[in-house]
Amino acid sequence: MRYRALVALTAALTLAFGVASASTALGASTNTLTVWLQVDAQNGWPNVVAAANSAFTANHPGWTVNVQYQQWSDHLQKFDATIAGNDTPDVIEMGNTEMTKYMAAGEFANLTGMKSQFPNSSHWLGGLQASATYMHKLYGVPYYAGSRVITYRSDLFKRAGIRRIPRSLAQFQTDLVKVGNMEKRVKGFSPLYVGGEDWYTALGFVFDYGGSIAAYRHGRWVGMLDSPRSLAGLNAFKQFFQATQSKSTAKLDGTNPFPYTVFSQGKTAANYGPAWYTCCTGKQYAKVTKQFVMPSHVAGKPLPGFLGGSDLAIPAQSPNQAAAAAWIADFTSTASEQALAAKGNIPNATNLLGHSVNDRAAARSWFVPQATNWVNVENGNILKTMLGSMLSGQLSVKQAATVASQNIAQTLNQPA
Amino acid sequence: MSSTGTERTALIPAAPAKRPGRRRLTRVSLTRGATPYLLLAPTVIAVGAILGYPIVNLVELSLQRYGLFELVTHHGVYIGLANFSSVLSDAVFWNTLWRTVVFALANVGLTMVLGVMIALLLVRISTWVRLLLTGALVLVWAMPPVVAVQVWGWMTNLQNGVLNYVLTQIGIGNYFQHNWYSTTLSQYGMVTTLIVWGALPFVVITVYAALSQVPQELVEAAELDGARWWQVLRVVTLPVVKPVLLILTSLSVIWDFGVFTQAYLLIGPGQQMPSNYLMSIYLFVEGYGQTNFGRGAAISILMLAIVAALSVFYVRSMLRTGEE
């Protein structure tokens, strides 16, 4: 019986501690450059990666590039584990909202002195360069950016009698309701499909009405989502959402299902998201998949879109920093960036910008507060909680925004 | 960490035979008495090395401020019990603890009741049906939790899930595009079905083995005395298998209290919020998501203490049963 007690206690200890275990990534030998890119590159532009690798190995005989693709949802946790084990990759792609915390902690190599070595670096997009800069020092290379646009079915819009691209939010809503009424017989059809908890969409409305997420005042962060302007934006979002969505999407965050999957199944006439959504809207709709800029409540202006983007950084522990910088230069060459632009991304430099729908949408954009702890707000799902509870009616818009505002201020003001 | 089959090892059902009383300490018995300890020593040393090192490390970590900055420099800052006091004064901790206790009790209760019922069924059915059922149970047991989560996720998907389709087709209601993950209760309903499904084989097979140890003559004698089936179950069968039930319950409590894989993956990493945390997920989000390893370690130690306290309760009652 004592043995069983031991078994029980051992099991207790093992299980309680099992949760705290972590794994480290594979090690890199001296002549292998380990690169962590997000799966977007694997799905969207593997040829750009391959071209950079061959350019790099041609100039660096004896080197091989080991590209490991990562998921947005857990790449930072894996990265932390490699830091603990002194076994970081040599190059890592970071979301522009993720940079600050790591720059502040001293995790990335200072690239200020080598800036001119990177192609088009004197024309880099201001927003992206700012996301890779901390205390006036450069810790990352802008990779690409993306705004958000409307991807829609032109056949449905035409059939509903819509002849012109909507110039205002109110007009767009009227058009969508028209399409929705026309397609009523399609079960589960939403004229526009976005997940209710897709905060990238919802906060566009907040910024459109002059609101914001948080402000830095007298040395402290103050939550701003419960300010009158932010509330006006959230109310506008709720009203727009309820007019154009089926109820069941209120608690979805736009990753399961992906909006373009719903599009490809014929269950929606439009998505609001990155311009590369055209990749996946379905072969049968390829000819009728078109895009326009999401209109603001002020006619003629675009709704401010989240300026998403990625930077490439070199972890301070990497023994191959010079080679890593050379690979980044190859990967962000003019040819690479033009290929990325062709896939529906915004290139990293102003001299490469065109007049695409994406570039026009980026004329008005918003970004998250550049606070060290911002990434904790994302990881804590504070914004999703707010949107889910206000759209499902659990809380009023004001209540939900007040709670979120307090939580954001508390998170941002925590000592790093 | 997970409560489904793969990690579970079959327990040898306790034989109802009487155990010898405690040895008296004489010189002869002292030398003889050392043998079991020597035999146990390798296991104890191995367990000590595997568990001892991380535990010492964890305790050390829980007394430090250890965030990203400390991770990069590989040096924590000693802050005493500040991590513990901040966790214990956090309303999220207490809400999560309460939610986890209710969740674990519901899961253990369902697992044990259904498990015993199926085991009793196994005794009564014909050999080939029993083989069929046992085969099915073993297949469930062999399914890795991550795969099971994926399949469960597909079946309950709001857009194309078979569950919504079937419920609508058979006329139970309109489940078209019903989101099974829209409320905490519904989320954990789904997680519970998955966990109980995965935990049943172990319980059923073990209880079935224990049931085969129930002396038939006792059952027959009781029946001759006019006992009905439930009286036989209550007075004869259950007391004999009680030690096995206790250890199964005890292990299930430990597993279900610390469950992570199914809850985290089925609900989804993007949907973990203070309003639906379980303890292990709270620990993961605080420690890893927020890169606050010291605080994560403190939560981990508190969790360990709770699970240890729960086990002590069961282990004590188990020992009492053994000594009767």
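In what follows, every chain begins at residue 1, and chains take the letters A, B, ... in the order their sequences are listed. Worth knowing before you read on, the calculation uses all heavy atoms, side chains too, and leaves out hydrogens, waters and symmetry mates.
- Of the two parts of B/F293, only the side chain, counted from C-beta on, holds a non-hydrogen atom closer than 4.5 Å to a non-hydrogen atom of chain A.
- Contact count versus chain A (heavy atoms, under 4.5 Å) is highest, among B/T73, B/V285, B/N160, for B/N160.
- Using a 4.5 Å cut-off between heavy atoms, B/N292 makes no contact with chain A at all.
- Separating the NZ atom in A/K101 from the OG1 atom in B/T291 is a distance of 2.5 Å, to the nearest 0.5 Å.
- Scanning residues 374-388 of chain A against chain B with a 4.5 Å non-hydrogen threshold yields A/N376, A/N379, A/G380, A/N381, A/K384, A/T385, sorted by number.
- Interface remark: A/K187 contributes backbone and side-chain atoms alike to the contact with chain B (heavy atom separation under 4.5 Å).
- Heavy-atom pairs under 4.5 Å with chain B peak, among A/N86, A/V262, A/T411, at A/N86.
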Cut-off 3.5 Å, no hydrogens considered: what does the side-chain donor-acceptor table look like for residues 47-54 of chain B, sequence neighbours left out?
unit_1 : atom_1 : unit_2 : atom_2 : d
B/Y53  : OH     : B/N57  : ND2    : 3.4

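- Heavy-atom minimum distance, A/D80 versus B/L71: O-CD2, 3.5 Å.
- By the 6.0 Å contact criterion, CG on B/L185 is open, its count of non-hydrogen atoms from other residues, nucleotides or ligands being 12 or less.
- Evaluation of the side-chain hydrogen bond (donor to acceptor under 3.5 Å, both in side chains) rule for A/T281 yields A/T289 as partners, not counting sequence neighbours.
- At a 4.5 Å heavy-atom cutoff, A/L76 makes no contact with chain B through either its backbone or its side chain.
- Residues meeting the salt bridge (charged side-chain N to carboxylate O under 4.0 Å, His left out) test with B/E286, sequence neighbours left out: B/R295.
- Chain A forms the most heavy-atom pairs under 4.5 Å with one residue out of B/G287, B/G153, B/G289, and that residue is B/G289.
- In this structure, chain B has a heavy atom under 4.5 Å from the side chain of A/Q265, while its backbone stays farther away.
- Here the CD atom belonging to A/Q317 is positioned 6.0 Å from the NE2 atom belonging to B/H74, to the nearest 0.5 angstrom.
- Atom CD of A/Q394 is separated from atom OG of B/S275 by 7.5 Å, given to the nearest 0.5 angstrom.
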